[in-house]
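Throughout, protein chains are lettered first and strands after them, A, B, ... in sequence-line order, and every chain is numbered starting at 1.
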Amino acid sequence: MIKGIKGVKDILPEETPRWRFIEETARRWAARYGYQEIRIPIFEVTTLFARSIGATTDIVEKEMYTFADRDGTSLTLRPEGTAGTVRAFVEHNRAADPLPQKYFYLGPMFRHERPQAGRLRQFHQFGVEYFGTQDARADIEVMALLWRVLSDLALPDLTLEINSLGTPADRAAYVPILVSFLKSRAARLCANCQRRMETNPLRVLDCKIPECRAATEDAPHLTAHLSPQAKDHFDLVLGGLTALGIPYRLNPRLVRGLDYYCLTAFEITSSHLGAQNAVGAGGRYDGLVEVLGGPNTPAVGFAVGLERISLMLPDQTLPPSAPSVYVASFGSEGGPAGVLLLEQLRRAGVPAQSDYRANTLKAHLRQADRAHCLFAVLLGDDEAKRGSALVRNMKTKVQEDVPLSELPRFFLTAFQAL
RNA sequence: GUGGAUGUAGCUCAGUUGGUUAGAGCGCCGGAUUGUGGAUCCGGAGGUCGCGGGUUCGAAACCCGUCAUCCACCCCA
């Protein structure tokens with residue numbers, strides 16, 4: 001038996017309604033905030049990701065699905081959506097069009113990791129990118145949009161954590177201060193953090209090991225070393241969140257993994273997700289457009305994991321499924337009449353189904369029950385002869401005789417009344 | 001890439017110190033009710049016991065290997 005690829009899941013019909021609901025909610029809120037959909041390719045030239053995400057990040061170093069095209073060009077399945085969106089922005093010279101520009105995307109991403117709860121090799125993200133202003137209100141808007149989507153979905157126990165990574169210059173000035181502090185505590189740090197001290201000192205602050213956290217308890221905070229501009233920006237962002245009634249928690253240890261972030265960095269976590277507790281994350285990446293060959297264009301954005309949302313989405317949040325009619329036709333005259341009726345109902349816009357295997361009324365009604373149909377149309381030879389059918393309300397069991405020609409209108413009005 | 005747990009019917013799981021034709025519940029199909037669903041009762045279909053090797057008179061069970069899934073580490077959405 002040929003099986004699916006490790007970490008790549010089928011989304012079966014039982015689950016597609018919840019996915020559609022999540023996607024529709026995301027689209028609805030994106031539209032309300034004035035974001036337009038962009039559809040970018042699922043694969044790109046490898047160097048795009050290496051350059052934008054950062055050559056030394058885990059994603060680029062060991063998690064990309066990379067393969068050679070026939071001419072030898074190295075291609076990669078997209079591990080995230082920002083790189084492609086920015087590439088499209090630059091390639092189509094969108095910066096020449098009026099700014100700001102606000103995009104959203106929705107779709108599969110690929111990372112070669114060991115699967116785990118809330119982590120797959122093909123997973124799905126909803127993300128937005130706001131191009132063209134450094135104004136803190138853009139940061140606020142993006143976070144508000146994310147908060148609204150997740151709140152609308154009634155996801156439990158969400159926390160918005162926020163930090164400022166400062167400007168690149170701020171970080172350059174801060175890192176030596178942090179490193180010298182870490183060196184003084186090196187003995188108390190785990191082996192990983194000892195290594196991270198060299199490769200990515202900021203990450204040491206985000207280590208989950210209690211000993212490391214204790215050792216870095218009184219580490220100097222980046223937020224205490226912000227330039228005046230960065231500090232102002234951060235204060236405006238926090239003030240804006242408060243004004244909009246969006247609760248947040250300052251997390252000076254929060255560091256985003258991707259190279260391109262600056263200033264605002266945020267993450268929404270939930271305690272209902274197991275070890276992978278981040279639902280979504282984002283931040284500002286003012287330098288990225290330029291890095292990818294475009295004009296200097298500030299930008300903010302976020303991405304959320306749809307699998308992680310789905311894991312948390314309470315069933316009660318889902319809207320009820322669309323009402324449907326079951327056609328229970330049988331007999332030498334009822335059978336053919338049922339086939340016609342099915343087609344007429346469907347063409348009139350009434351969802352209608354039947355089971356062609358069923359030969360008895362009992363079998364038909366069992367199917368109607370199982371399919372949760374609101375009505376069953378009982379159509380045997382007697383009914384076919386007189387040109388009508390019995391409409392049975394599956395809940396109340398009340399039956400009434402309705403002429404065949406009037407059935408489409410009958411159901412349209414019945415469904416409208418729901 | 002590392003560690004741990006688990007692989008028996010479509011699903012959830014039993015299966016005694018190794019011992020005949022491998023079981024249950026749910027689900028599915030049919031009957032009891034020759035034109036009325038869900039409940040009940042009865043019957044039926046459905047299995048390379050993950051795969052390969054080994055030990056043994058005999059393996060679902062024990063050993064080795066392998067694959068897969070899940071969870072965790074790493075990292076991240």
Side-chain angles (χ1 to χ4, degrees), chain A residues 1 3-9 12 14 53 56-63 78-82 106-127 146 150 190-193 195-196 199-200 203 206-209 254-258 266-270 273-283 301-312 326 328-331 334 355 357-384 389-399:
Chain A
M1 178 176 47
K3 303 220 272 187
I5 297 164
K6 180 200 281 283
V8 177
K9 280 207 173 156
L12 297 171
E14 293 75 29
I53 297 169
T56 61
T57 57
D58 275 21
I59 292 177
V60 171
E61 278 185 339
K62 46 191 195 194
E63 295 175 2
R78 61 182 190 192
E80 51 98 56
T82 297
L106 205 53
M109 307 293 164
F110 305 85
R111 292 183 200 172
H112 189 108
E113 301 183 89
R114 283 282 285 268
Q116 196 181 321
R119 174 200 285 167
L120 297 172
R121 289 187 174 179
Q122 175 175 337
F123 60 105
H124 299 78
Q125 285 187 335
F126 162 64
L146 176 54
L150 301 181
C190 69
N192 260 326
C193 282
R195 185 172 44 79
R196 283 199 276 245
T199 57
N200 188 356
R203 266 287 293 150
D206 204 27
C207 186
K208 287 173 193 147
I209 296 171
L254 178 64
V255 179
R256 303 273 66 241
L258 283 47
F266 62 94
E267 191 168 284
I268 294 189
T269 57
S270 169
L273 277 175
Q276 311 304 321
N277 64 351
V279 189
F302 70 74
V304 270
L306 267 35
E307 279 74 7
R308 293 185 184 178
I309 290 179
S310 178
L311 280 174
M312 287 190 292
Y326 186 94
S329 64
F330 49 94
D355 180 358
R357 298 172 313 165
N359 300 313
T360 63
L361 184 55
K362 179 192 182 69
H364 268 133
L365 285 173
R366 188 167 53 233
Q367 290 300 121
D369 187 44
R370 186 165 19 212
H372 301 115
C373 292
L374 259 45
F375 295 98
V377 178
L378 280 40
L379 180 49
D381 290 345
D382 298 348
E383 290 80 5
L390 291 175
V391 174
R392 177 181 177 84
N393 182 314
M394 293 297 285
K395 275 226 171 65
T396 64
K397 302 186 179 185
V398 174
Q399 299 188 172

Worksheet item: Distance check: side-chain N/O of A:Gln116 vs OP1/OP2 of B:A72, anything under 4.0 Å?
Response: yes
Length of the line joining [X]:[atom1] and [N]:[atom2], which is rounded to integer Å:
X        : N     : atom1 : atom2 : value
A:Lys6   : B:C71 : NZ    : C1'   : 13 Å
A:Asp355 : B:C29 : CG    : C1'   : 11 Å
A:Gln276 : B:C76 : CD    : P     : 10 Å
A:Gln122 : B:A77 : CD    : C1'   : 14 Å
A:Met312 : B:A77 : CE    : P     : 15 Å
A:Lys9   : B:A68 : NZ    : C1'   : 13 Å
A:Asn359 : B:C29 : CG    : C1'   : 12 Å
A:Glu307 : B:C70 : CD    : P     : 12 Å

Taking pairing as Watson-Crick or G-U wobble with both contacts under 3.5 Å, can you name the mate of [N], or confirm there isn't one?
N     : result
B:U48 : none
B:G37 : none
B:C62 : B:G54
B:G23 : B:C13
B:C29 : B:G43
B:A68 : B:U6
B:C73 : B:G1

Worksheet entry | Atom pair CG/CZ of A:Leu390 and A:Phe375 - distance to nearest 0.5 Å |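 Between A:Leu390 CG and A:Phe375 CZ, I get 13.5 Å after rounding to 0.5 Å.
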Discussion item. Please report the interatomic distance CZ(A:Arg114) to NZ(A:Lys6), rounded to the nearest 0.5 Å.
Written reply: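 The NZ atom of A:Lys6 is 6.0 Å from CZ of A:Arg114, to the nearest 0.5 Å.
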What interatomic distance, in whole Å, is found between [atom1] of [M] and the corresponding atom of [N]?
N     : M     : atom1 : answer
B:G18 : B:C26 : C1'   : 31 Å
B:U12 : B:U17 : C1'   : 28 Å
B:A60 : B:G4  : P     : 27 Å
B:U33 : B:G37 : C1'   : 13 Å
B:C64 : B:U55 : P     : 15 Å

Mind checking [X] for me? I need base, sugar-phosphate or nothing, with any heavy atom below 4.0 Å counting as a touch.
X        : answer
A:Arg111 : base
A:Gly127 : nothing
A:Ile268 : nothing

Worksheet item: A:Ala117 has a side chain; which of B:C76, B:G30, B:A72 sits nearest to it?
Response: B:A72
Worksheet item: Of all the nucleotides listed (B:A68, B:C76, B:C73), which has the minimum atom distance to the side chain of A:Lys3?
Response: B:A68
Is there a donor-acceptor contact under 3.5 Å from the side chain of [X] to the main chain of [Y]?
X        : Y        : result
A:Arg121 : A:Glu113 : yes
A:Arg308 : A:Ala278 : yes
A:Glu307 : A:His124 : yes
A:Glu383 : A:Gly380 : yes
A:Tyr326 : A:Asp355 : yes
A:Arg78  : A:Pro108 : yes

Worksheet, complete the sentence: Letter by letter from the 5' end, nucleotides 32-45 of chain B scores (B base, S sugar-phosphate only, - none; protein heavy atoms under 4.0 Å) ---BBBB-------
Worksheet entry | Nucleic acid footprint by protein, nucleotides 1-8 of chain B - heavy-atom cut-off 4.0 Å, B for base, S for sugar-phosphate alone | BBB-----
Fill in: A:Arg111 side chain reached by A:Glu80 side chain, heavy atoms, under 4.5 Å
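Contact flag for A:Glu80/A:Arg111 side chains = yes.
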Discussion item. Using side-chain contact (heavy atoms from CB on, under 4.5 Å), reason through A:Thr57 and A:Glu63 one step at a time and then give a plain yes or no.
Written reply: CA-CA 9 Å; A:Thr57 57; A:Glu63 295 175 2; over 6 Å; no
Worksheet item: Considering heavy-atom distances to RNA chain B, does A:Ala278 or A:Gly7 have its closest nucleotide positioned more toward the 5' end?
Response: A:Gly7
Discussion item. Both A:Gln125 and A:Ile5 contact RNA chain B. Taking the nearest nucleotide for each, which residue is further toward the 5' end?
Written reply: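 Its nearest nucleotide being more 5', the pick is A:Ile5.
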Fill in: Parallel, tilted or perpendicular: ring planes of A:Phe302 versus A:Phe266, cut at 30 and 60 degrees
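Rings of A:Phe302 and A:Phe266: perpendicular, over 60°.
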Discussion item. Set out, in order, the CA-CA distance, both residues' side-chain angles and the distance that settles side-chain contact (heavy atoms from CB on, under 4.5 Å) for A:Ile5 and A:Gln122, then state yes or no.
Written reply: CA-CA 9 Å; A:Ile5 297 164; A:Gln122 175 175 337; over 6 Å; no
